[in-house]
Amino acid sequence: MQYWLIKSEPFKYSWDQFVADKRTFWDGVRNYQARNNLMQMAKGDFCIFYHSNEGKEAVGIAKVVKTHYPDPTAVDEPGDWVVVDVSPEQKLKRPVSLAEMKADPRLSQMGLIRQSRLSVVALTKVEFDIIVAHSEG
DNA sequence: GCCAACGTTGGC
DNA sequence: GCCAACGTTGGC
């Protein structure tokens with residue numbers, strides 16, 4: 001079991017849209033590191049759903065329901081890009097802001113903060129649990 | 001709107 | 001294969 005954080009601009013694809021869809025394929029990744037992370041995702045892995053730009057906060061938890069397959073939106077593009085299927089697991093009781101995560105020294109090493117541009121980053125179970133704890137605190 | 005960080009591209 | 005130039009992302 002692994003843990004991840006996936007970023008989306010709410011303008012492009014918001015948590016509410018995700019919940020309405022019940023399931024989506026996570027497309028648009030055009031970065032090799034992020035793609036490699038997608039390829040490592042296993043069925044049942046949990047992902048923190050993070051709103052970038054607008055909001056800048058973790059808003060929910062998604063679950064990987066299908067492992068990687070070719071990105072249907074990238075068939076005409078060079079490179080082998082992939083997507084995974086994810087479903088909403090639960091909404092966080094309250095969003096956890098980036099400022100709050102930055103303020104927690106236990107999260108200072110997490111991928112989101114170390115490499116803020118990466119759209120799919122790995123989390124440790126500890127980091128995942130800390131974020132969830134913040135949302136309940 | 002600016003800027004920092006980082007990835008990608010292309011000339012050599 | 002190196003490195004400068006450029007583009008993109010995302011926080012502020």
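Residue numbering restarts at 1 for every chain, and letters A, B, ... go by the order of the sequence lines.
Rounded to an integer number of Å, the gap from CG of A/N31 to C1' of B/dT9 is 15 Å. With rounding to whole Å, A/E57 atom CD is found 15 Å from C/dG10 atom C1'. In this structure, A/E54 atom CD and C/dG11 atom C1' are separated by 12 Å, rounded to whole Å. The nearest whole Å value for the distance from the CE atom in A/M101 to the P atom in C/dC12 is 11 Å. Going from atom CD1 of A/I113 over to atom P of C/dC12 covers 10 Å, rounded to whole Å. Following rounding to the nearest Å, A/W81 (CH2) and B/dG7 (P) show an atom-to-atom distance of 12 Å. Rounding to whole angstrom units, CZ of residue A/R117 and C1' of C/dC6 are separated by 12 Å. Regarding A/L112, its CG atom lies at a distance of 10 Å from the P atom of C/dG10, rounded to whole Å.
Within the structure, every side-chain polar atom (N or O) of A/K56 is placed at least 4.0 Å from both OP1 and OP2 of C/dG10. Remark: A/Q33 is in phosphate contact with B/dG7, judged by side-chain N or O atoms under 4.0 Å from OP1 or OP2. Between C/dT9 and A/Y50, no contact under 4.0 Å exists linking OP1 or OP2 to a side-chain N or O. When the side-chain nitrogen and oxygen atoms of A/Q115 are compared with OP1 and OP2 of B/dG7, one or more of them lie within a distance under 4.0 Å.
The nucleotide whose nearest atom lies closest to any side-chain atom of A/S52 is, among C/dG10, B/dC6, C/dC12, C/dG10.
Centroid-to-centroid, the aromatic rings of A/Y32 and A/W81 come within less than 6.0 Å.
Side-chain N/O atoms of A/H134 and A/E100 include a donor and acceptor closer than 3.5 Å. In the model, A/N37 has no side-chain atom that pairs as donor or acceptor with a side-chain atom of A/W4 under 3.5 Å.
In this structure, A/E127 does not pair ionically with A/R106, as no charged nitrogen and carboxylate oxygen lie closer than 4.0 Å.
Using a 4.0 Å heavy-atom cutoff across all strands shown, A/L118 reaches no nucleic acid atom at all.
Below 30°, between 30° and 60°, or above 60°: for A/F25 and A/Y69 the angle between ring planes is above 60°, a perpendicular geometry.
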